[in-house]
Trainee: 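Dumping the structure here so I can ask a few things about it.
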Amino acid sequence: MATPDSRYIIHEITPLSDKDCFYIADRRKSEFTYPLHSHSEFEINYIENAEGVRRIVGDSVEIIGKYDLTLIAGEDLEHVWEQHQCTSKHIREITIQFSKDLFFGNFIHKNQFDSIRKMLNSAQKGVNFPMETIMKIYPMLDTLSAEKSGFHAVIKLLTILYELSLCDNYRTLASTSFAHIDDNSDSRRVRKIHEYINNHYKEEIRLEDLAGIIGMTPVALSRFFKLRSGKTVSDYIIDIRLGHAARMLVGTTNSVAEICYDCGFNNLSNFNRIFKKRKGCSPKEFRESYRKTKMII
């Protein structure tokens with residue numbers, strides 16, 4: 001099996017200095033040209049007047065509207081904003097990068113930072129915020145780069161993060177299996193189900209087997225899992241399989257058919273249909289979209 005070639009993904013060395021809390025760039029531009037990349041710093045990216053741009057975060061591929069606000073905290077989570085169908089010549093992009101060391105020591109684990117900590121955990125998969133949240137923090141975001149006092153700029157950034165963390169309907173973007181992170185759950189039984197599915201996604205997984213692991217009937221498990229996870233067991237299994245499939249499309253030269261069967265799908269046409277429904281493009285188109293945004297360095 002072919003393995004991912006990291007030469008095709010830029011690992012960005014950001015301008016953030018060890019002596020600074022964050023770096024901000026407030027740009028006016030007419031196009032997006034930077035290729036697919038990742039970096040160890042956390043990043044807030046705000047984009048205005050760029051309808052038609054394609055945002056790729058992990059295995060999430062979406063066309064953005066007039067306003068887009070995304071937080072990325074995954075160290076190896078590939079992402080890019082590419083021109084695609086955007087014709088605007090008056091794009092504004094505000095990029096804020098900060099180290100996880102900003103919350104030094106045990107600071108992030110204090111009760112007052114609980115919502116920020118949970119948001120940053122979610123942002124390992126990338127999170128995208130709705131319009132009402134964007135409008136709420138825009139006045140601070142709009143003036144952050146012009147703040148004269150470094151101390152007050154940091155306080156403003158922390159306030160932005162706090163206000164973002166209060167949003168109760170932000171969306172995670174990449175799948176857990178693509179981003180190589182674990183789904184956190186307060187429920188021991190849900191964690192056991194997650195662990196089993198993650199270890200056996202290539203095989204047939206029966207609801208009866210899952211129910212037996214945690215001592216429930218299949219009907220009780222279905223209700224319990226949906227209540228705790230917000231999705232059905234079958235949807236979770238599909239998400240895990242699709243995440244692994246997307247990672248293989250990006251990182252290997254295996255055929256779509258090989259990837260389909262290696263990730264637990266037993267029907268190629270069904271795999272193509274589900275992939276397009278969930279990702280908005282076919283497996284072949286997804287692979288091509290990644291290749292177009294890669295650069296050899």
Side-chain angles (χ1 to χ4, degrees), residues 11-30 32 34 37-50 53 55 57 64-75 77 79-81 88 90-173:
H11 187 78
E12 180 185 2
I13 306 300
T14 68
L16 181 62
S17 163
D18 289 340
K19 295 185 177 181
D20 289 316
C21 291
F22 72 95
Y23 162 80
I24 182 169
D26 191 343
R27 310 179 185 92
R28 309 285 175 161
K29 57 199 289 186
S30 60
F32 289 84
Y34 201 78
H37 63 284
S38 64
H39 43 71
S40 56
E41 290 76 17
F42 297 168
E43 178 177 289
I44 298 172
N45 210 46
Y46 167 78
I47 297 173
E48 182 180 317
N49 295 325
V53 159
R55 172 184 11 87
V57 178
I64 70 172
K66 186 173 183 178
Y67 301 97
D68 189 67
L69 181 64
T70 302
L71 170 64
I72 295 172
E75 183 169 342
L77 186 60
H79 55 279
V80 68
W81 282 257
S88 173
H90 304 285
I91 300 166
R92 185 184 186 187
E93 181 181 40
I94 301 175
T95 302
I96 304 169
Q97 294 175 334
F98 57 98
S99 169
K100 57 186 175 183
D101 294 336
L102 176 63
F103 303 98
F104 53 86
N106 234 8
F107 200 49
I108 191 64
H109 296 287
K110 303 301 182 185
N111 289 335
Q112 290 77 13
F113 287 85
D114 185 57
S115 60
I116 294 178
R117 183 178 67 256
K118 290 178 179 177
M119 177 182 68
L120 292 175
N121 283 337
S122 295
Q124 292 181 78
K125 298 185 287 185
V127 294
N128 188 255
F129 297 91
M131 180 59 67
E132 60 267 24
T133 300
I134 295 175
M135 293 298 99
K136 186 176 182 180
I137 61 100
Y138 178 78
M140 290 183 288
L141 194 63
D142 181 45
T143 57
L144 183 59
S145 64
E147 179 61 61
K148 302 296 185 183
S149 165
F151 176 82
H152 288 116
V154 173
I155 297 302
K156 187 175 285 188
L157 172 60
L158 291 175
T159 304
I160 289 172
L161 288 171
Y162 177 67
E163 292 297 337
L164 290 176
S165 73
L166 298 181
C167 174
D168 59 4
N169 60 337
Y170 58 68
R171 296 184 300 113
T172 56
L173 298 175

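Predicted model only: the values in this text are computed from it and were never measured. Hydrogens, waters and symmetry mates are skipped; everything else that's a heavy atom, side chains included, is used.
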Trainee: Give the minimum heavy-atom separation between Ala73 and Leu120, together with the two atoms involved.
Mentor: CB-O, 3.7 Å

Trainee: Which pair of heavy atoms, one from Ser38 and one from Glu75, lies closest together, and at what distance?
Mentor: CB-O, 4.0 Å

Trainee: Mind listing the closest non-hydrogen atom pair of Lys125 and Val57 along with its distance?
Mentor: O-CG1, 4.0 Å

Trainee: If we only count heavy atoms from C-beta on, is the Asn169 to Glu132 side-chain gap below 4.5 Å?
Mentor: yes

Trainee: Can you give me the closest heavy-atom contact between Glu48 and Tyr67, atom names plus distance?
Mentor: CG-CE2, 3.6 Å

Trainee: What are the two closest heavy atoms between Ser145 and Asp26, and how far apart are they?
Mentor: OG-OD2, 3.4 Å

Trainee: Check whether any side-chain heavy atom of Arg28 sits under 4.5 Å from a side-chain heavy atom of Asn49, and report yes or no.
Mentor: no

Trainee: Distance from Ile94 atom CD1 to Asn45 atom CG, nearest 0.5 Å?
Mentor: 9.5 Å

Trainee: Can you confirm whether more than 12 heavy atoms, excluding those of Tyr162, are under 6.0 Å from its OH atom?
Mentor: no

Trainee: For the atom pair CZ (Phe22) and OG1 (Thr95), what is the distance rounded to the nearest 0.5 Å?
Mentor: 13.0 Å

Trainee: Can you tell me how far CZ of Arg92 sits from NZ of Lys29, rounded to the nearest 0.5 angstrom?
Mentor: 13.0 Å

Trainee: Between Ile44 and Leu71, what is the shortest heavy-atom contact and its length?
Mentor: CG1-CD1, 3.7 Å

Trainee: Parallel, tilted or perpendicular, judged at 30° and 60°: which one describes the rings of His79 and His39?
Mentor: perpendicular

Trainee: What's the spacing between Asp20 CG and Leu102 CG if we round to 0.5 Å?
Mentor: 11.5 Å

Trainee: Hey, are the side chains of Val53 and Asp68 touching, using non-hydrogen atoms and a 4.5 Å cut-off?
Mentor: no

Trainee: First locate atom NZ of Lys136, then atom CG of Leu141, and finally report the distance between them rounded to the nearest 0.5 Å.
Mentor: 14.5 Å

Trainee: What distance separates Thr133 OG1 from Tyr170 OH, expressed to the nearest 0.5 Å?
Mentor: 10.5 Å

Trainee: Looking only at atom types and distance, does a side-chain atom of Asn128 sit under 3.5 Å from a main-chain N or O of Leu69, one as donor and one as acceptor?
Mentor: yes

Trainee: Would you mind reporting whether Gln124 and Leu77 have side-chain heavy atoms less than 4.5 Å apart?
Mentor: no

Trainee: Answer whether the closest heavy-atom distance between the side chains of Val80 and Phe32 falls below 4.5 Å.
Mentor: no

Trainee: Name all residues meeting the salt bridge (Lys or Arg N to Asp or Glu O under 4.0 Å) criterion together with Asp114; count only those two or more places apart in sequence or in a different chain, and write none if there are none.
Mentor: Arg117, Lys118

Trainee: State, yes or no, whether a side-chain contact exists between Lys156 and Thr143 at a heavy-atom distance under 4.5 Å.
Mentor: yes

Trainee: May I ask you to test the Glu147-Met140 pair for a side-chain heavy-atom distance under 4.5 Å?
Mentor: no

Trainee: Taking the side chain as C-beta and beyond, is there a heavy-atom pair between Leu164 and Ile137 under 4.5 Å?
Mentor: yes

